[in-house]
Amino acid sequence: MSFVKRTIKCGELRRENIGQKVSLNGWVAVRRDLGGLIFIDLRDRWGIAQIVIHPEESPVLAERAKPIRSEFVMWATGTVRERESKNMKIPTGEVEVLLEDFGIINPSELPPFEILNDLDVNEELRLKYRYLDLRRPYLQEKFLIRNKLYQIVHKYFYENDFVEIETPVLMKSTPEGARDFLVPSRIHKGKFYALPQSPQIYKQILMVSGFDRYVQIVKCFRDEDLRSDRQPEFTQIDCEMSFVEQDDILTMFEGFLKLVWKDILNQDVQIPFQRMPYKEAMERYGSDKPDTRFGMEIETLNDLLTNSEFQVFSQTLADGGIIGGLKANGCGAYSRKQLDNLTEFAKKYGAKGLAYIKLNEGQISSPIAKFLSDTEMQSIIDKFDAKDGDLILIISDKWTRAYTILGALRLEIARLQGIFDAVKDKYNFLWVVDFPLFEYDEEDNRYVAMHHPFTSPKLEDLEILDENPGKARAIAHDIVLNGVEIGGGSVRIHDNAVQQKMFSLMSIGPEEAKDKFGHLLDALKYGAPPHGGIALGLDRMVMLLTGIDNIRDVIAFPKTTSGLSLMDNCPSAVDTKQLTELGVGVLQK
RNA sequence: GGGGUCGUAGUUCAGCUGGUUAGAAUGCCUGCCUGUCACGCAGGAGGUCGAGAGUUCGAGUCUCUUCGGCCCCGCCA
């Protein structure tokens with residue numbers, strides 16, 4: 001099919017082009033037939049051009065244009081002229097192209113939904129016809145920003161002596177961490193490759209190799225359940241640096257993020273970012289990824305209630321737990337129904353109950369009032385400096401759970417009170433540091449690495465590793481923006497003896513360690529430089545840069561929350577022949 | 001693995017305690033219309049009510065099963 005190639009893009013037409021003869025290529029956005037006058041809007045990636053036909057002056061052209069419908073692909077040639085009535089809402093709105101000749105390059109069936117920006121259509125349908133959905137400027141903008149981010153990554157890290165190196169997509173399955181996607185080997189039947197959860201081990205080995213600084217925009221795969229911010233395959237900006245301490249890594253990435261926010265949003269963010277220990281983040285915000293754009297901080301009330309006769313509190317304290325609270329400004333008039341909803345919300349996070357104190361119309365009311373002395377009640381109110389019209393929420397539980405519930409309540413109150421709307425233009429970057437090295441896994445009855453097994457303990461905590469591994473802290477860092485974890489990393493262990501020690505604390509025997517991580521352990525024996533790094537979630541960064549809260553809108557071909565691709569219908573069944581070749585059988589349910 | 005919610009013209013939705021022929025808007029088709037840009041006006045076509053089973057004289061509506069979308073908990077080093 002031959003066509004006349006464009007001489008200018010639809011979205012580029014301006015006053016300056018008036019008088020020029022131009023050719024356009026694009027999709028028909030809409031056709032407005034006024035009878036004696038026909039307008040056709042032609043759309044490309046850059047915008048929309050209005051084409052005009054006067055049937056009285058060019059009856060043949062008008063007749064030929066009759067079959068043109070939305071989403072037809074066409075070329076059009078004509079002369080640019082000033083519009084009689086201008087549309088100042090679009091950049092091309094002062095001019096139009098008086099049609100002289102055109103061709104339909106490809107017709108289109110009637111699309112299942114209109115290609116409109118303010119589209120209100122079921123996501124299921126959008127995903128099935130993803131190519132049409134992606135035609136919408138609203139979505140294209142996201143990918144143009146995503147593309148800008150790629151370019152900044154290449155430029156910034158190249159200028160800072162990083163080397164881009166590709167690591168394998170077929171790799172060894174690592175049992176720690178998320179569930180692996182597996183790929184059966186045809187040549188070695190019964191054996192499997194795994195898709196990387198991250199190129200962690202490879203990038204550490206590249207440091208041993210002496211590349212000094214590594215960066216890669218890389219796909220990672222985790223076979224876990226999906227969420228609005230989690231896809232089974234996602235993209236990381238993965239980095240590693242040699243001969244550095246934690247501070248060097250943080251500084252390098254502050255520079256990067258500052259540049260990104262400047263180049264893409266023209267926002268000046270202040271560096272260095274605030275750094276907050278994990279313990280403080282939990283005790284003040286109830287989260288390891290605190291949204292610091294607003295206050296409403298958690299208070300720990302243990303000191304006020306040491307002699308409490310309320311059994312729920314005294315038992316919690318006796319068990320070493322905490323009693324914590326949160327003041328919700330202006331929520332003192334919450335109804336029974338609203339408070340029940342909050343209680344239900346808290347229960348999702350494992351709360352046994354939710355205590356509250358309402359200060360409303362001069363009255364103090366609380367279901368736990370009868371269990372508290374006047375002094376205790378007053379001390380709690382004073383602690384929060386609570387005023388009439390406020391609501392205090394109280395949770396007592398084990399340390400982690402209590403703060404986690406309070407942190408969730410804090411965000412829920414912020415949502416209910418419209419606080420997020422009020423702070424939506426703020427960008428609060430924050431480093432969370434000093435994470436625990438280990439978490440205790442109740443199911444397996446052993447310690448597991450909170451970050452990953454190659455994370456270095458803080459030097460001053462080395463000596464408590466033996467008697468109290470749960471107390472040891474890691475040289476790990478998460479970068480948090482507005483309550484979203486956009487990346488994390490650590491300084492790694494570069495000493496084989498320390499690495500072996502870590503495995504033994506995690507009840508991974510020498511044989512098992514050798515079998516699973518032998519190649520890294522071997523590499524560490526041949527002169528490993530001190531090194532560390534970080535990986536940023538590129539998809540989540542794009543979400544924040546574009547102000548949307550759904551990761552599917554920044555991924556060209558995403559999966560649904562059940563892991564299906566509705567456009568190409570995968571995963572799908574395969575021939576028995578294929579399975580046989582791979583030495584794989586399928587269990588019948 | 002668990003919880004919540006949704007599924008009705010192409011699309012977005014309405015459809016009460018079960019009761020005639022399942023509606024609206026928009027899109028689509030036809031006609032009219034010379035400055036529209038969400039064009040306007042008139043007319044028309046368009047439905048296995050996600051699928052299956054059950055209760056009932058009668059099911060879009062009630063029950064069960066199942067498929068799918070979205071959100072959350074668990075999970076996600």
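Order of the sequence lines sets the chain letters (A, B, ...), proteins ahead of strands, with each chain counted from 1.
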If you look at every strand shown and take non-hydrogen atoms under 4.0 Å, does [X] touch a base, only sugar-phosphate, or nothing?
X: A:D120; value: sugar-phosphate
X: A:K86; value: base
X: A:E114; value: sugar-phosphate
X: A:Y349; value: sugar-phosphate
X: A:T455; value: nothing
X: A:D33; value: base
X: A:Q231; value: nothing
X: A:E123; value: sugar-phosphate
X: A:F113; value: nothing
X: A:V121; value: sugar-phosphate
X: A:N122; value: sugar-phosphate
X: A:I38; value: nothing
X: A:I48; value: nothing
X: A:R81; value: base

Considering only atom [atom1], compute the distance from [N] to [M] and round it to an integer number of Å.
N: B:U63; M: B:C73; atom1: C1'; answer: 28 Å
N: B:G23; M: B:G60; atom1: P; answer: 14 Å
N: B:U65; M: B:G58; atom1: P; answer: 23 Å
N: B:A14; M: B:G31; atom1: C1'; answer: 31 Å
N: B:G7; M: B:G50; atom1: C1'; answer: 6 Å
N: B:A59; M: B:A51; atom1: P; answer: 15 Å
N: B:C13; M: B:G18; atom1: C1'; answer: 22 Å
N: B:A24; M: B:G68; atom1: C1'; answer: 27 Å

- Can a side chain N or O of A:T561 be found less than 4.0 Å away from OP1 or OP2 on B:G69?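 Answer no for this pair, as no side-chain N or O of A:T561 is under 4.0 Å from OP1 or OP2.
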If you check the [X] side chain, which of [options] turns out closest?
X: A:D225; options: B:U11, B:G69, B:G1; result: B:G1
X: A:L34; options: B:A38, B:U34, B:C37; result: B:U34
X: A:R227; options: B:C37, B:G69, B:C73; result: B:C73
X: A:K89; options: B:A38, B:C71, B:C76; result: B:A38

- Message: Under the criterion side-chain contact (heavy atoms from CB on, under 4.5 Å), I'd like the reasoning laid out for A:V183 against A:M171: C-alpha separation, chi angles, the key distance, then a yes or no.
- Response: CA-CA 9 Å; A:V183 179; A:M171 64 174 283; over 6 Å; no
- Query: Are A:T79 and A:V97 close enough, and set up right, to give a side-chain contact (heavy atoms from CB on, under 4.5 Å), and what steps lead you there?
  - Reply: CA-CA 5 Å; A:T79 305; A:V97 173; over 6 Å; no
Is it the case that the base of [N] and the side chain of [X] share a donor-acceptor contact (distance under 3.5 Å, atom types as modelled)?
X: A:R32; N: B:G40; result: no
X: A:R83; N: B:C37; result: yes
X: A:E96; N: B:G35; result: yes
X: A:R222; N: B:C75; result: no

- Message: Is the positively charged end of A:K347 above the ring of A:F345, judged by distance under 6.0 angstrom from the centroid and angle within 45° of the axis?
- Response: no
- Taking all non-hydrogen atoms of both residues, which atom of A:I298 and which atom of A:L406 are closest, and how far apart?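 So the two residues come closest at CD1-CB, 3.6 Å.
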- Task: Quick one: sort the A:Y403 and A:W399 rings into parallel, tilted or perpendicular, breaks at 30° and 60°.
- Result: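 Correct class here is perpendicular.
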- side-chain contact (heavy atoms from CB on, under 4.5 Å) assessment of A:V433 paired with A:Y278: CA-CA 6 Å; A:V433 296; A:Y278 168 83; over 6 Å; no
- Message: Between A:R64 and A:F102 (side chain of the first, backbone of the second, donor and acceptor by atom type, cut-off under 3.5 Å), is there such a pair?
- Response: yes
- Task: Could you let me know what B:U21 is paired to, Watson-Crick or G-U wobble, both distances under 3.5 Å, or none if it's on its own?
- Result: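 None - no nucleotide pairs with B:U21, as no candidate has both distances under 3.5 Å.
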